[in-house]
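The basis for the numbers below is simple: all heavy atoms, side chains too, and nothing from hydrogens, waters or symmetry mates. Numbers restart at 1 for each chain; the letters A, B, ... are given by sequence-line order, proteins then strands.
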Amino acid sequence: MLQLQALRTNKDQIIQALKKRNFDAEIHMDKVLSLDEKRRSLQTDLDNTLAEGNKLSKEIGMLYKSGKTEEANQIKQKTAQLKEESKRLTEKLNTIAADLEEALYQIPNVPHESVPAGSDEEDNEEVFREGNIPELGEEAKPHWELAKKYDIIDFELGAKITGAGFPVYKGKGARLQRALISYFLDKNTEAGYIEMQVPLLVNETSGYGTGQLPDKEGQMYHVTEEDLYLIPTAEVPITNVLRGNILDKNSLPISYTGYTPCFRREAGSYGAHVRGLNRLHQFDKVEIVRVEHPDNSYQALDAMVEHVKNILRELKLPFRVLRLCGGDLGFTSALTYDFEVFSTAQDRWLEISSVSNFETFQANRLKLRYRDENNKTQLVHTLNGSSLALPRVLAGILENYQTADGIDIPDILVPYTGFSRIE
RNA sequence: AGAGAGGUGGCCGAGUGGUCGAAGGCGCACGCCUGGAAAGUGUGUAUACACCAAAAGUGUAUCGAGGGUUCGAAUCCCUUCCUCUCUGCCA
């Protein structure tokens with residue numbers, strides 16, 4: 001959620017910047033600002049009415065104490081009128097405040113100046129590429145065939161137990177999953193991230209805090225009995241750990257990492273691009289989250305990008321980094337770098353990580369602040385990234401490391417798996 | 001899941017209808033004292049919103065959350081969430 005104050009003072013600038021997203025902010029902005037104006041004048045009216053009432057109440061108290069019951073009763077009649085008035089104003093104010101909040105929720109984050117203009121993924125800007133794309137020859141198989149051949153992932157079995165998109169990992173496949181999770185967590189904690197184990201279900205407030213609600217409501221599994229949501233990413237519980245806090249500026253930055261399964265309904269997805277591990281309802285991911293002083297957040301974003309690069313280097317997977325264009329940029333993000341691994345057998349790039357700076361957009365909803373030099377509260381910047389999403393890394397390893405009669409395990413993972421080859 | 005007790009400021013803790021944003025203590029900040037420190041001592045110490053060009057200041061709201069009773073609620077009533085104790089169940 002954008003800050004009202006910013007909208008009031010930089011209206012034109014923000015409208016201009018949002019054009020990069022192909023988002024016409026003008027109408028929204030006018031609505032927000034006019035609602036805000038109404039809200040403020042109502043607030044003033046209400047405050048004055050309540051103040052008057054408070055004053056009279058005190059008088060009544062005094063009069064009763066000194067036994068002047070009659071005078072007190074006279075004043076009482078005045079307060080009845082004020083009470084009605086304040087009730088009316090409160091109702092009005094609540095309605096306007098709710099409308100205002102809803103209108104604010106409709107406006108996406110302002111893109112960073114480096115975000116390229118563009119309408120879809122075609123316009124994303126490649127900023128980095130590394131690694132050799134192996135020559136696999138004609139025999140190369142996509143990972144879903146490899147998974148079947150070596151009996152390490154069973155999609156049908158998952159469908160039997162639960163439904164499509166809930167695979168079962170078996171034997172060395174399961175072991176490889178576990179190895180990847182441990183390896184990622186080790187890399188992250190070495191880099192100073194504090195490991196967290198968090199709930200996999202969150203309440204509504206947390207969903208709003210990180211911005212999944214209201215705009216991605218349909219993407220989350222909802223446990224209606226308890227009104228809880230299955231997390232679509234560890235970002236939600238981990239970032240909400242700090243919700244509502246006022247941090248000492250010396251406690252910044254705060255860096256967390258956590259492994260969780262992620263649950264996504266993925267309503268509306270279909271076709272070849274969702275085969276195998278490419279798109280699942282349940283998948284594993286290790287996430288990194290940072291809370292930063294606004295002055296340092298872009299430095300932190302670069303550090304996160306470097307960190308993920310290093311992991312992919314160690315895994316010896318061919319990858320590239322994209323700076324997302326305005327049209328492809330997530331609703332809450334100011335700047336996002338996507339990481340993609342090249343899947344040789346599928347002959348396409350697979351997104352495996354997304355690293356974003358949300359600036360104050362999430363912090364504003366989360367009410368997550370720090371105290372500055374002048375003891376004033378300021379919103380922090382929040383960032384997060386995947387390091388990494390398991391299924392596509394797994395797909396990348398299976399496909400790129402395949403040989404005619406087996407799959408090699410990247411050297412860096414062997415201490416974690418305890419084996420160096422799947423046959 | 002059932003019965004009972006409770007949720008007050010950064011922390012502890014008083015407060016059962018009136019001037020209470022809330023005693024007292026701890027912590028923290030600044031000052032005094034000291035050669036320096038400790039002890040002592042003085043002052044200050046919540047958040048949001050509105051008014052004001054801004055600071056100062058003023059007003060309003062907030063004692064888990066939401067609603068109600070009342071001229072007036074931290075205090076009474078209802079709903080809900082959470083914590084603790086006992087019973088039950090259970091990995």
Side-chain angles (χ1 to χ4, degrees), chain A residues 1-11 32-104 197-209 213 222-229 237 240-252 254 360 363-380:
Chain A
M1 182 166 62
L2 291 175
Q3 293 171 81
L4 256 177
Q5 191 124 44
L7 296 185
R8 270 188 229 153
T9 50
N10 300 323
K11 180 186 166 193
V32 165
L33 291 178
S34 90
L35 281 169
D36 179 46
E37 215 162 289
K38 273 187 211 155
R39 187 196 109 245
R40 278 151 62 202
S41 95
L42 275 171
Q43 181 82 58
T44 306
D45 292 349
L46 177 62
D47 284 358
N48 290 338
T49 311
L50 289 172
E52 181 74 15
N54 286 344
K55 214 176 86 192
L56 292 179
S57 284
K58 276 183 190 171
E59 273 176 41
I60 292 171
M62 305 273 242
L63 289 171
Y64 271 129
K65 239 178 204 173
S66 52
K68 297 175 184 164
T69 327
E70 210 156 293
E71 280 182 54
N73 286 334
Q74 270 176 13
I75 300 181
K76 263 197 199 181
Q77 300 189 334
K78 267 201 254 175
T79 59
Q81 210 181 333
L82 285 172
K83 213 180 161 186
E84 218 166 283
E85 176 73 359
S86 67
K87 196 171 180 183
R88 193 181 63 84
L89 286 169
T90 305
E91 270 168 26
K92 230 171 157 182
L93 183 63
N94 287 344
T95 311
I96 298 262
D99 289 350
L100 176 60
E101 186 162 68
E102 208 191 304
L104 263 178
Q197 282 199 21
V198 288
L200 306 182
L201 287 106
V202 294
N203 57 32
E204 199 180 31
T205 314
S206 294
Y208 275 98
L213 292 173
H222 188 190
V223 181
T224 50
E225 186 103 54
E226 321 286 348
D227 199 18
L228 296 173
Y229 294 85
N240 272 285
V241 163
L242 297 167
R243 163 156 49 86
N245 287 13
I246 299 175
L247 306 165
D248 189 295
K249 87 172 150 26
N250 297 321
S251 68
L252 298 175
I254 295 172
T360 60
N364 194 23
R365 287 194 189 184
L366 289 162
K367 299 271 183 299
L368 176 50
R369 291 158 293 175
Y370 71 98
R371 227 175 263 289
D372 70 9
E373 306 69 35
N374 305 316
N375 251 2
K376 288 245 160 99
T377 56
Q378 305 282 353
L379 293 174
V380 299

Residues 83-90 of chain A, side-chain donor-acceptor partners within the protein, below 3.5 Å, at least two apart:
unit_1: E85(A); atom_1: OE2; unit_2: R88(A); atom_2: NH2; d: 3.2
unit_1: S86(A); atom_1: OG; unit_2: L82(A); atom_2: O; d: 3.4
unit_1: S86(A); atom_1: OG; unit_2: K83(A); atom_2: O; d: 3.0
unit_1: T90(A); atom_1: OG1; unit_2: S86(A); atom_2: O; d: 2.6

Side-chain donor/acceptor pairs under 3.5 Å, residues 33-40 of chain A, sequence neighbours excluded:
unit_1: S34(A); atom_1: OG; unit_2: K31(A); atom_2: O; d: 3.4
unit_1: D36(A); atom_1: OD1; unit_2: R39(A); atom_2: NH1; d: 2.5
unit_1: D36(A); atom_1: OD2; unit_2: R8(A); atom_2: NE; d: 2.7
unit_1: D36(A); atom_1: OD2; unit_2: R8(A); atom_2: NH2; d: 3.2
unit_1: D36(A); atom_1: OD2; unit_2: R40(A); atom_2: NH1; d: 3.2

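Nucleotides G25(B) and G40(B), compared at atom P, are 12 Å apart to the nearest Å. Here the separation of U85(B) from C32(B), taken at their P atoms, is 49 Å to the nearest Å. Rounded to a whole angstrom, the distance from the P atom of U83(B) to that of U8(B) is 14 Å. Going from the P atom of C77(B) to that of G18(B) covers 16 Å, rounded to whole Å. If you take atom C1' in G88(B) and the same atom in G67(B), they sit 34 Å apart, rounded to whole Å. The gap from the C1' atom of C33(B) to that of A39(B) amounts to 11 Å, rounded to the nearest Å. When the C1' atom is used for both G7(B) and C12(B), the distance is 14 Å, rounded to whole Å. Remark: the separation of the P atoms in G72(B) and G10(B) is 29 Å, to the nearest Å.
Taking atom CG on D248(A) and atom C1' on G27(B), their separation rounds to 14 Å, with Å as the unit. As rounded to whole Å, 9 Å separates atom P of C82(B) from atom CD of E226(A). One atom, NZ of K249(A), and another, P of A29(B), lie 13 Å apart when rounded to the nearest Å. Atom CG in L46(A) sits roughly 13 Å away from atom P in A50(B) (whole-Å rounding). Rounding to whole angstrom units, CG of residue L56(A) and P of U70(B) are separated by 17 Å. Whole-Å rounding puts the K65(A) NZ to U19(B) P distance at 7 Å. The CZ atom of R243(A) sits 18 Å away from the P atom of G64(B) (whole-angstrom rounding). Distance, N250(A) CG to A29(B) P: 12 Å, rounded to whole Å.
Here K11(A) pairs with D30(A) under the side chain to side chain donor-acceptor pair (under 3.5 Å) rule; sequence neighbours left out. Evaluation of the side-chain contact (heavy atoms from CB on, under 4.5 Å) rule for N364(A) yields M1(A), Q3(A), L379(A) as partners, not counting sequence neighbours. Contacts of N203(A) classified as side-chain contact (heavy atoms from CB on, under 4.5 Å), with partners at least two apart in sequence or in another chain: T205(A), S206(A), L228(A), R243(A). Among residues two or more places apart in sequence or in another chain, the side chain to side chain donor-acceptor pair (under 3.5 Å) test is passed with N94(A) by none. Not a single side chain to side chain donor-acceptor pair (under 3.5 Å) links D99(A) to another residue, sequence neighbours left out. Under the side chain to side chain donor-acceptor pair (under 3.5 Å) criterion, Q74(A) pairs with no residue at all, not counting sequence neighbours.
Put simply, the side chain of N245(A) never gets that close to the backbone of L247(A): no donor and acceptor are under 3.5 Å apart.
The side-chain heavy atoms of V380(A) and I254(A), taken from C-beta on, include no pair separated by under 4.5 Å. With a 4.5 Å cut-off on side-chain heavy atoms, T69(A) and Y64(A) count as touching.
Summarising the geometry, atom CD1 belonging to I60(A) is positioned 8.5 Å from atom CG belonging to N73(A); distances are rounded to the nearest 0.5 Å. Within the model, atoms OG1 of T79(A) and CG of N54(A) stand 11.0 Å from one another, a figure rounded to the nearest 0.5 Å. Atom NZ of K78(A) is separated from atom CD of E52(A) by 7.0 Å, given to the nearest 0.5 angstrom. Here T49(A) contributes atom OG1 and Q81(A) contributes atom CD; the two are 11.0 Å apart, rounded to the nearest 0.5 Å. Between atom CD of residue Q77(A) and atom CG of residue L56(A) there is a gap of 12.5 Å, rounded to the nearest 0.5 Å.
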Where each pair must be Watson-Crick or G-U wobble with both distances under 3.5 Å, what dot-bracket representation of RNA chain B is obtained, with crossing pairs in [ ] and other-strand partners as |? ((((((((.[[[..)..(.....]]]((((((.......))))))((((((.....)))))).[[[[[..)....]]]]])))))))....
For nucleotides 8-12 of chain B, list the nitrogen or oxygen atoms of the protein found under 3.5 Å from its nitrogen or oxygen atoms, one pair per line.
none

Pairs under 3.5 angstrom, nitrogen or oxygen only, protein versus nucleotides 55-59 of chain B, please.
unit_1: G59(B); atom_1: N2; unit_2: D47(A); atom_2: OD2; d: 2.8

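Nucleotides of RNA chain B nearest to D36(A) and E52(A) differ in position, and the one nearer the 5' end is that of D36(A).
For I60(A), taking side-chain heavy atoms from C-beta onward, the closest of the listed nucleotides A48(B), G18(B), A50(B) is G18(B). When each of A50(B), G18(B), U47(B) is scored by its nearest atom to the side-chain atoms of I246(A), the top-ranked nucleotide is U47(B).
Within residues 67-102 of chain A, the residues approached by RNA chain B to less than 4.0 Å at the level of any non-hydrogen atom are K76(A), T79(A), K83(A), in residue-number order.
Phosphate contact (OP1/OP2 of U47(B), side-chain N/O of R369(A), threshold under 4.0 Å): absent. Note on R40(A): every side-chain N or O is 4.0 Å or more away from OP1 and OP2 of C49(B). For the pair R371(A) and U47(B), the criterion of a side-chain N or O lying under 4.0 Å from OP1 or OP2 is met. Dashed line: the shortest gap from a side-chain N or O of T377(A) to OP1 or OP2 of A48(B) is under 4.0 Å.
Remark: the K55(A) side chain and the U19(B) base include no donor-acceptor N/O pair separated by less than 3.5 Å.
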